[in-house]
Amino acid sequence: MKSFLLVSLLLSFYFPTRDLDPQLVGVWIYTINASSGSGKTFIDKVTRVKWVLHENGTFERGASLGKSVSREAAKVSNEWSAPTERGTWYSREGKIYITSINGQNLPEDQQLSGSYYIEGNTMVFTGSDGKKAIWHR
């Protein structure tokens with residue numbers, strides 16, 4: 001963790017010209033609701049995914065917190081899992097670019113993560129694959 005913070009700090013000095021929309025900085029949560037089955041096999045599951053965009057151009061994404069309920073049992077996680085991705089980001093003209101993930105630099109033609117629109121504490125994010133997601137603070 002210390003080495004990640006040191007690398008993050010060094011990157012912020014080496015790439016000072018990158019745009020970082022201050023509206024994006026902070027903790028964003030995406031909620032996934034899923035249900036399946038019926039009767040005794042019915043399961044209802046809610047998973048929250050966290051995306052933290054830091055003002056120094058680093059991010060953490062993929063930490064999750066979940067709850068599932070079935071007729072026989074309920075399972076609740078009260079602690080966030082570790083993030084699955086850490087890296088660097090910047091924004092420009094309503095788009096988010098990811099320049100590195102887990103220590104691997106991305107080629108420039110693969111850096112576009114998607115576009116965003118923020119209103120209040122809600123962000124509508126459209127991934128580079130065209131899928132939309134609503135994130136909340």
Side-chain angles (χ1 to χ4, degrees):
M1 180 68 173
K2 287 181 183 179
S3 62
F4 174 76
L5 293 174
L6 180 59
V7 168
S8 300
L9 182 61
L10 290 172
L11 286 172
S12 68
F13 287 114
Y14 283 106
F15 298 105
T17 59
R18 297 288 193 188
D19 295 327
L20 300 172
D21 185 342
Q23 293 183 99
L24 287 168
V25 172
V27 178
W28 294 95
I29 307 294
Y30 174 64
T31 303
I32 304 165
N33 295 306
S35 298
S36 66
S38 62
K40 290 183 179 182
T41 62
F42 178 78
I43 295 176
D44 190 22
K45 184 174 181 179
V46 176
T47 304
R48 291 192 170 103
V49 179
K50 188 186 318 185
W51 189 4
V52 183
L53 295 162
H54 299 283
E55 63 185 12
N56 68 354
T58 61
F59 77 89
E60 300 157 12
R61 182 170 56 187
S64 63
L65 179 71
K67 174 177 82 169
S68 63
V69 179
S70 67
R71 271 187 79 123
E72 281 108 31
K75 182 178 179 185
V76 177
S77 172
N78 292 319
E79 293 184 24
W80 286 93
S81 68
T84 57
E85 298 176 332
R86 297 175 192 271
T88 53
W89 71 281
Y90 72 96
S91 61
R92 184 177 2 159
E93 299 174 357
K95 294 179 173 44
I96 299 174
Y97 297 85
I98 303 296
T99 56
S100 69
I101 296 177
N102 298 334
Q104 299 294 315
N105 291 327
L106 298 178
E108 195 168 324
D109 64 337
Q110 296 176 19
Q111 292 180 2
L112 176 62
S113 182
S115 60
Y116 66 93
Y117 170 77
I118 297 174
E119 189 169 305
N121 290 324
T122 302
M123 173 174 57
V124 177
F125 179 78
T126 305
S128 58
D129 59 1
K131 293 182 181 177
K132 293 188 183 309
I134 297 176
W135 295 75
H136 298 278
R137 289 195 193 269

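Positions are given from 1 along the sequence. Note that the coordinates shown come from a computational prediction; the quantities given were computed from them, not determined experimentally.
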Starting at [atom1] of [X], measure out to [atom2] of [Y] and round the result to the nearest 0.5 Å.
{"X": "Thr126", "Y": "Tyr117", "atom1": "OG1", "atom2": "OH", "value": "12.5 Å"}
{"X": "His54", "Y": "Leu24", "atom1": "NE2", "atom2": "CG", "value": "13.0 Å"}
{"X": "Leu20", "Y": "Glu55", "atom1": "CG", "atom2": "CD", "value": "9.0 Å"}
{"X": "Asn121", "Y": "His136", "atom1": "CG", "atom2": "NE2", "value": "9.5 Å"}
{"X": "Glu108", "Y": "Thr99", "atom1": "CD", "atom2": "OG1", "value": "10.5 Å"}
{"X": "Lys50", "Y": "Glu60", "atom1": "NZ", "atom2": "CD", "value": "8.0 Å"}

Without hydrogens or angle criteria, can the side chains of [X] and [Y] be said to hold a donor-acceptor pair below 3.5 Å?
{"X": "Tyr116", "Y": "Asp21", "value": "yes"}
{"X": "Thr47", "Y": "Ser64", "value": "no"}
{"X": "Ser35", "Y": "Asp44", "value": "yes"}

Below 6.0 angstrom between ring centroids: does that apply to Trp135 and Tyr30?
->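 Yes - the distance between ring centres of Trp135 and Tyr30 falls below the 6.0 Å cut-off.
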
In the single-linkage hydrophobic clustering (I, L, V, M, F, W, Y; side-chain heavy atoms under 4.5 Å), do [X] and [Y] co-cluster?
{"X": "Ile101", "Y": "Trp28", "answer": "yes"}
{"X": "Ile98", "Y": "Val52", "answer": "no"}
{"X": "Ile118", "Y": "Tyr90", "answer": "yes"}

Taking every non-hydrogen atom, the tightest pair across Val25 and Arg137 |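 That closest heavy-atom pairing would be O-NH1, 3.0 Å.
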
Can you name the nearest heavy-atom pair linking Gly62 to Ser81, along with the distance?
->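 In this case the closest contact between Gly62 and Ser81 is O-OG, 4.1 Å.
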
Looking only at atom types and distance, does a side-chain atom of Asn102 sit under 3.5 Å from a main-chain N or O of Thr84, one as donor and one as acceptor?
->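 Judged by distance alone, yes, a pair lies under 3.5 Å.
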
Is the side chain of Gln111 donor-acceptor paired with the backbone N or O of Leu106 at a distance under 3.5 Å, no angle test?
->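 Yes.
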
Is the Phe125 ring parallel, tilted or perpendicular to the Trp51 ring (thresholds 30°, 60°)?
->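 Rings of Phe125 and Trp51: perpendicular, as their planes differ by over 60°.
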
Residue pair [X] / [Y], side-chain heavy-atom distance below 4.5 Å:
{"X": "Pro83", "Y": "Arg61", "answer": "no"}
{"X": "Ile134", "Y": "Met123", "answer": "no"}
{"X": "Ile32", "Y": "Val49", "answer": "yes"}

Take Leu112 and Lys95 through the side chain to side chain contact (heavy atoms under 4.5 Å, CB included) test and state the conclusion after the steps.
-> CA-CA 7 Å; Leu112 176 62; Lys95 294 179 173 44; 3.8 Å; yes

Between Tyr97 and Arg92, is there a cation-pi geometry (under 6.0 Å to ring centre, at most 45° from the normal)?
->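 Yes, Arg92 lies over the aromatic ring of Tyr97.
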
